[in-house]
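Whatever order the structure lists them in is the order used to number ligands and atoms, beginning at 1.
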Amino acid sequence: MAGNSFGKLFKLTTFGESHGAAIGGVIDGCPAGIELDFEAIQNELNRRKPGQSKIVTQRKEPDTVEFYSGIFEGVTTGTPIGFVIHNTNQKSKDYSHIKDVYRPSHADYTYDKKYGVRDYRGGGRSSARETASRVVAGAIAKQFISTIDINAFTSSVGDIFIDKPYQDLDFDLIESNAIRCPDEATAAKMISKIEAIKKQGDTIGGTITCVIKNVPVGLGEPVFDKLHAELGKAMLSINAVKGFEYGSGFCGAKMTGSDHNDLFNSDGTTQTNLSGGIQGGISNGMDIYFRVAFKPVATVIQKQEALNSQGELVEMQGKGRHDPCVVPRAVPIVEAMAAMVIADQILLRRQESRDW
Ligand SMILES: Cc1cc2nc3c(=O)[nH]c(=O)nc-3n(C[C@H](O)[C@H](O)[C@H](O)COP(=O)(O)O)c2cc1C
């Protein structure tokens, strides 16, 4: 299975399956001399971990990260940073019903057809458990790019959404509720919606908005490696992501150029920022903001018709511990992927110019 590495210079390779002994990764290319705040790394993992509230999966994992290399006396040495997170709360018998049956809209069918062998326990490698390793790397990337602020938050669940521009939100409130929505009234509605959906054994989708502030001008390459293309790939690599839009996104397609243009101020900033901080694939110094759409989780705790490996349609009852909605746990994953992209771009820029 190829494609387990992400990034050009700040490069993460992950390994592990949901019900194997452990998951983990190797971060290659992290610069030397970063004094790591281990509590901040663990805190990011705690934001992603299962069992943290009533509206997420009830699998109980401490998700404690152990570092094995690349760090001496708390400081990165520039050598590969190897780390492991042990799996401690697997309940593999909950998954015996999908050994020979493919859950609709999950990765069971495609993994089987592509590889001919599949660790079906907890979804194996296709499980979002893998994203804990991304969160570790993202937390280290955040510490490397500490002058740049990255904040993601839940902006919609089903048809409930925040009806305000991000500039009117207080990001300090993101962690004040279980759904990670900085608008408290909307957060309460979102939580009630997920609780109701969960009671029916069903699941629901949602969106996450991410805002990156204090980005220097000049990140991103103008042709194939445009900054928004790198961010798009990063976000679309997260499990269950179905859409990515930045700046005005799909709304921009309904506008006229005269309304859409971001007029300059004399200092190079712009009066509006429908470009989302990126023009011609290069950061322009304004806030980068984008939205990521997550589908409803495929495993519904209801009876569904499913295909089995013998090519028969059979009735399948969904089982196991699952997220009724992924967005509250995906917020730190979105931030982690954004941090890795920006860290990578800064290292690439340093290669080009001594001023960086
Ligand atoms: C944070 C997070 C938690 C998830 N939890 C579950 C889950 O409990 N059950 C499930 O079936 N899918 C879950 N998913 C989604 C699956 O990992 C994903 O749908 C699956 O790998 C198939 O990939 P695709 O949806 O991107 O095509 C989760 C995704 C994320 C990001």
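Side-chain atoms of Thr209 and Ser155 form a donor-acceptor pair, as typed in the model, at a separation below 3.5 Å. Residues Thr299 and Arg103 bring a donor and an acceptor atom of their side chains to less than 3.5 Å of each other.
Checked for salt-bridge contact, Asp344 and Lys8 miss the test: no charged N lies under 4.0 Å from a carboxylate O.
For ligand 1, the polar-atom distance check finds no N/O of Ser105 at less than 3.5 Å from any of the ligand's N/O atoms. Polar contact check, Ala240 against ligand 1: a nitrogen or oxygen pair lies under 3.5 Å apart. Checked by distance only, ligand 1 and Ser127 stay at 3.5 Å or farther apart across all their nitrogen or oxygen atoms. The shortest N or O to N or O distance between Arg321 and ligand 1 is not below 3.5 Å.
Atom 14 (N) of ligand 1 has as its closest protein heavy atom Val326 CG1, 4.1 Å. The protein non-hydrogen atom at the shortest distance from atom 11 (O) of ligand 1 is Thr299 OG1, 2.5 Å. Shortest contact from atom 10 (C) of ligand 1 to any protein heavy atom: Val297 CG1, 3.3 Å.
None of Lys99, Arg125, Arg118 except one satisfies the salt bridge (charged side-chain N to carboxylate O under 4.0 Å, His left out) rule with Asp108; the exception is Arg118.
The salt bridge (charged side-chain N to carboxylate O under 4.0 Å, His left out) test applied to Asp100 returns no partner, not counting sequence neighbours. With sequence neighbours excluded, the residues forming a side chain to side chain donor-acceptor pair (under 3.5 Å) with Glu44 are Arg47, Lys142, listed by chain and number.
When each atom of ligand 1 is checked for a heavy atom of Ile333 under 4.0 Å away, the hits are 1 (C).
Nearest residue to atom 19 (O) of ligand 1 from Arg59, Arg329, Lys295, Glu130 is Lys295 (criterion: closest heavy atom). Residue His106 holds the heavy atom nearest to atom 20 (C) of ligand 1 of all those in His106, Lys49, Lys242.
At a heavy-atom distance under 4.0 Å, no atom of Thr131 approaches ligand 1. When non-hydrogen atoms are compared, ligand 1 lies under 4.0 Å from neither the backbone nor the side chain of Thr57.
Considering all non-hydrogen atoms of both residues, Ile145 and Ile346 come closest at CG2-CD1, 3.8 Å.
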